[in-house]
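Shown next, in structure tokens, is the structure this report addresses.
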Number of protein chains: 2
Amino acid sequence: MKQVAALAGVGIKTVSRVINGEPNVSAATIARVTDAARALDYQPDLHAGNLRRADGRSRTLGLLVGSVSNPFSGAVHRAVEEAAIERGVAVFASSLDDDPSREEQSVSAFLRRRVDGLILTTISPSQGYLAAEIRRGTPVVFVDREPSGVTADTVVSDNAAGAALAVRHMLAHGHRRIAYLGDRGDIQTARERRRGFLEELGRAGVATSSVPVIENLHDEAVTFDALLGLLSSEDPPTAVFSAQNLVTIGAIRALRARDLHHSVALVGFDDVPLADLLEPGVTVVAQNPQRIGQLAAERVFARLDGDDTPGARHIVPTRLIVRGSGEINAIG
Amino acid sequence: MKQVAALAGVGIKTVSRVINGEPNVSAATIARVTDAARALDYQPDLHAGNLRRADGRSRTLGLLVGSVSNPFSGAVHRAVEEAAIERGVAVFASSLDDDPSREEQSVSAFLRRRVDGLILTTISPSQGYLAAEIRRGTPVVFVDREPSGVTADTVVSDNAAGAALAVRHMLAHGHRRIAYLGDRGDIQTARERRRGFLEELGRAGVATSSVPVIENLHDEAVTFDALLGLLSSEDPPTAVFSAQNLVTIGAIRALRARDLHHSVALVGFDDVPLADLLEPGVTVVAQNPQRIGQLAAERVFARLDGDDTPGARHIVPTRLIVRGSGEINAIG
DNA sequence: CTGAAAGCGCTAACAG
DNA sequence: CTGTTAGCGCTTTCAG
């Protein structure tokens with residue numbers, strides 16, 4: 001900045017004024033400063049400025065998603081970035097990969113870089129470590145999973161309701177023996193989906209004690225093996241509810257391996273790419289990750305703009321997409 | 001930091017020493033400072049430190065990918081983050097979305113935040129605007145697409161060779177009339193793939209002037225329409241080479257809509273999720289985005305560690321994955 | 001082993 | 001309309 005001032009033959013403060021578009025600078029001076037800045041390829045140091053700036057804003061957000069390689073996370077990221085870019089805000093994005101140590105590590109990395117707000121997918125048993133930061137006024141919004149130990153804005157799918165919807169759909173097609181294939185039990189979202197699933201079965205009069213429930217499935221391979229085992233058991237299910245993305249794919253593979261994809265029903269939670277091109281098409285309870293990301297960003301910016309209402313839960317509806325695999329009727 | 005120093009009853013510099021793990025502090029003092037920091041939930045301001053620090057490193061990278069919602073970009077992002085996290089470096093990730101104005105805008109946002117290095121996917125006709133920054137010593141690595149107007153490390157797939165591989169495969173199955181469905185012509189990578197495609201056809205003695213080449217396909221819908229048109233033409237192709245992710249998906253849909261997916265061959269460039277579960281399975285020339293991201297990160301860190309060899313091109317091989325759609329023989 | 005003073009690049013407050 | 005001075009939170013340098 002000093003170099004620019006020297007080259008333009010003005011004071012350092014005038015350069016600052018031009019860079020920030022402050023009033024009270026003559027057009028000629030503006031032009032000279034602009035030229036000098038361009039000539040030197042000058043980029044203002046945003047962080048140095050924020051050190052002294054009144055609002056102290058870094059125009060930066062920290063985003064922690066489940067896994068950058070999951071389409072759900074990709075969509076959330078995209079929506080957040082979209083909203084951020086409109087406000088000239090940059091986004092730090094990290095992957096949780098369902099590793100509790102990475103959660104705190106990433107948050108700390110964000111905080112050291114003085115982000116203006118945090119959008120977090122979490123896995124730790126408690127987010128109490130964020131209480132002080134939230135009290136200090138940093139907007140924190142939880143996405144996809146509800147926090148524990150702190151109160152803050154939270155944006156989630158209607159996990160239990162969505163799972164119930166899937167169950168009702170399968171019940172309507174005559175199924176009574178529906179298996180639950182779920183993600184890790186330490187993931188809050190997974191527990192919600194299981195709850196919705198079991199409660200709906202209970203309401204339909206199915207003895208939930210006899211329902212095949214397999215959890216801690218976290219990738220295709222593990223799910224594949226687990227479902228194969230279940231299909232070979234004495235009393236195999238006539239329908240399967242797979243409560244996550246990758247679990248659904250693993251389930252598809254297992255059903256195909258046993259050539260049961262046309263006789264055992266399958267409904268997945270969260271949409272799967274190309275699901276409509278498979279045979280049969282994969283019926284899913286689709287989430288709305290765009291909306292989740294968008295809402296999360298909205299909440300952060302509302303807080304930054306002064307909203308100080310208490311943190312609330314925002315629930316984004318899911319919807320059933322019928323494609324074939326969920327409409328296979330129970331036999332007998 | 002002042003507060004921590006006060007609470008611990010030491011000087012501000014001692015706090016600094018403890019935070020940075022510098023030697024020459026007594027164990028007792030370390031303990032007191034650590035306790036005070038924890039009590040106050042103190043997070044050092046990384047940027048304030050870098051203002052004065054000798055190396056001036058922000059421990060931050062800027063990453064610009066094609067589109068966060070494309071699995072290819074997701075994989076690159078993941079690989080870069082993986083490598084970065086090992087070194088305690090955070091990653092800013094932005095999406096280009098093939099908008100030239102966003103390219104410079106994002107780079108500028110990164111630079112204002114004083115990232116240590118840049119990993120960029122580009123779309124502008126020239127990256128000359130980066131010349132000064134590169135000269136200044138900021139490591140810049142281009143991924144997926146080669147830059148124009150500057151020399152720097154570049155990590156790309158062997159686009160032309162991969163396209164040629166696809167062509168050879170289809171020629172071996174008796175095809176002579178192979179259509180090319182490609183992405184936007186202003187994308188360097190797309191031009192390379194077309195070149196590889198046409199040159200290989202030429203080598204096989206096919207008159208390239210008669211080859212159906214459709215470009216500027218950038219999403220499923222446009223591709224769908226374009227291929228439908230081509231299939232209805234007087235001399236429809238017996239095989240299709242789709243030179244990009246989403247183009248491949250659009251092509252699959254079009255072939256199915258005409259019920260030609262078992263009679264017209266299809267080979268795609270870049271892998272598609274669940275490609276092996278479709279009927280027929282989708283034969284592709286797969287890229288290795290993990291390797292691309294990893295290599296790019298390696299190059300940035302090597303530069304930061306002092307490597308000052310001239311910028312070079314790093315080519316990541318592709319490989320043909322045979323799944324069915326590419327092995328349909330030409331009729332007649 | 002520890003602290004005081006100076007300064008990184010910038011903006012706030014005030015003076016001209 | 002423009003420049004000067006102080007200070008943001010930290011590290012450096014140098015003195016105890």
Side-chain angles (χ1 to χ4, degrees), chain A residues 1-34 36-37 40-60 108-116 133 136-138, chain B residues 1-34 36-37 40-60 108-116 133 136-138:
Chain A
M1 182 148 145
K2 276 202 298 211
Q3 295 178 34
V4 176
L7 205 151
V10 299
I12 182 174
K13 173 68 230 198
T14 302
V15 177
S16 169
R17 270 194 264 263
V18 173
I19 298 295
N20 296 309
E22 286 170 35
N24 296 332
V25 186
S26 74
T29 311
I30 292 181
R32 260 187 309 141
V33 171
T34 312
L40 293 171
D41 250 287
Y42 169 73
Q43 291 277 6
D45 185 326
L46 202 58
H47 298 299
N50 287 46
L51 223 42
R52 194 75 172 82
R53 201 190 304 274
D55 65 7
R57 297 275 168 85
S58 59
R59 308 196 72 72
T60 299
S108 177
F110 291 151
L111 258 21
R112 273 198 295 270
R113 286 174 178 79
R114 294 297 184 263
V115 296
D116 296 335
E133 193 63 31
R136 223 171 281 172
T138 305
Chain B
M1 182 149 145
K2 274 202 299 212
Q3 295 178 34
V4 175
L7 205 152
V10 298
I12 182 175
K13 172 67 230 196
T14 302
V15 177
S16 168
R17 270 194 263 263
V18 173
I19 298 293
N20 296 310
E22 286 170 35
N24 297 334
V25 186
S26 75
T29 311
I30 291 181
R32 259 186 312 138
V33 171
T34 312
L40 293 171
D41 251 288
Y42 169 72
Q43 292 275 8
D45 185 326
L46 203 58
H47 298 299
N50 287 29
L51 223 43
R52 195 76 173 81
R53 201 190 302 276
D55 65 5
R57 298 273 169 86
S58 59
R59 309 196 70 74
T60 298
S108 177
F110 291 150
L111 258 21
R112 274 198 294 269
R113 287 176 177 77
R114 295 297 185 260
V115 297
D116 297 334
E133 194 63 33
R136 224 171 279 172
T138 304

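Atom CD1 of I30(A) is separated from atom P of dC1(D) by 9 Å (rounded to the nearest Å). The CG atom of D45(A) sits 8 Å away from the P atom of dG9(C) (whole-angstrom rounding). Regarding Q43(A), its CD atom lies at a distance of 15 Å from the C1' atom of dC10(C), rounded to whole Å. Spacing between atom CG of L46(A) and atom C1' of dG9(D) amounts to 16 Å, rounded to whole angstrom units. As a whole-Å value, the separation of H47(B) NE2 from dC8(D) C1' is 14 Å. The CZ atom of R112(A) sits 15 Å away from the C1' atom of dC10(D) (whole-angstrom rounding). In this structure, K2(A) places its NZ atom 14 Å from C1' of dT4(D), rounding to the nearest Å.
Other residues, nucleotides and ligands contribute at most 12 non-hydrogen atoms within 6.0 Å of the CD atom of Q3(A).
Contact detail for L51(B) and L51(A): the closest heavy-atom pair is CD2-CD2, 3.4 Å.
Of the N and O atoms on the side chains of R114(B) and T60(B), not one donor lies less than 3.5 Å from an acceptor on the other residue.
Counting heavy atoms from C-beta outward, R59(B) and V115(B) have side chains that stay 4.5 Å or more apart. At a threshold of 4.5 Å between non-hydrogen side-chain atoms, the residues D45(B) and H47(A) do not count as touching. Using a 4.5 Å heavy-atom cutoff, the side chains of S108(B) and L111(B) are not in contact.
Using a 4.0 Å heavy-atom cutoff across all strands shown, P44(A) reaches sugar-phosphate atoms only and no base atom. Note on N24(A): a base of the nucleic acid sits closer than 4.0 angstrom, heavy atoms only.
Rounding to the nearest 0.5 Å gives a distance of 11.0 Å between CZ of R113(A) and CD of Q43(B).
Each of R114(B) and T29(B) was assigned the nucleotide of DNA chain C with the nearest heavy atom; the assignment lying further toward the 5' end belongs to T29(B).
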Would you list the protein and nucleotides 11-15 of chain C atom pairs, both N or O, that sit under 3.5 Å from each other?
| from | atom 1 | to | atom 2 | distance (Å) |
| --- | --- | --- | --- | --- |
| dT11(C) | OP1 | N20(A) | OD1 | 3.3 |
| dT11(C) | OP1 | N20(A) | ND2 | 2.7 |
| dT11(C) | OP2 | S16(A) | OG | 2.5 |
| dA12(C) | OP1 | A54(A) | N | 3.4 |

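OP1 or OP2 of dT2(D) sits under 4.0 Å from a side-chain N or O of S26(A).
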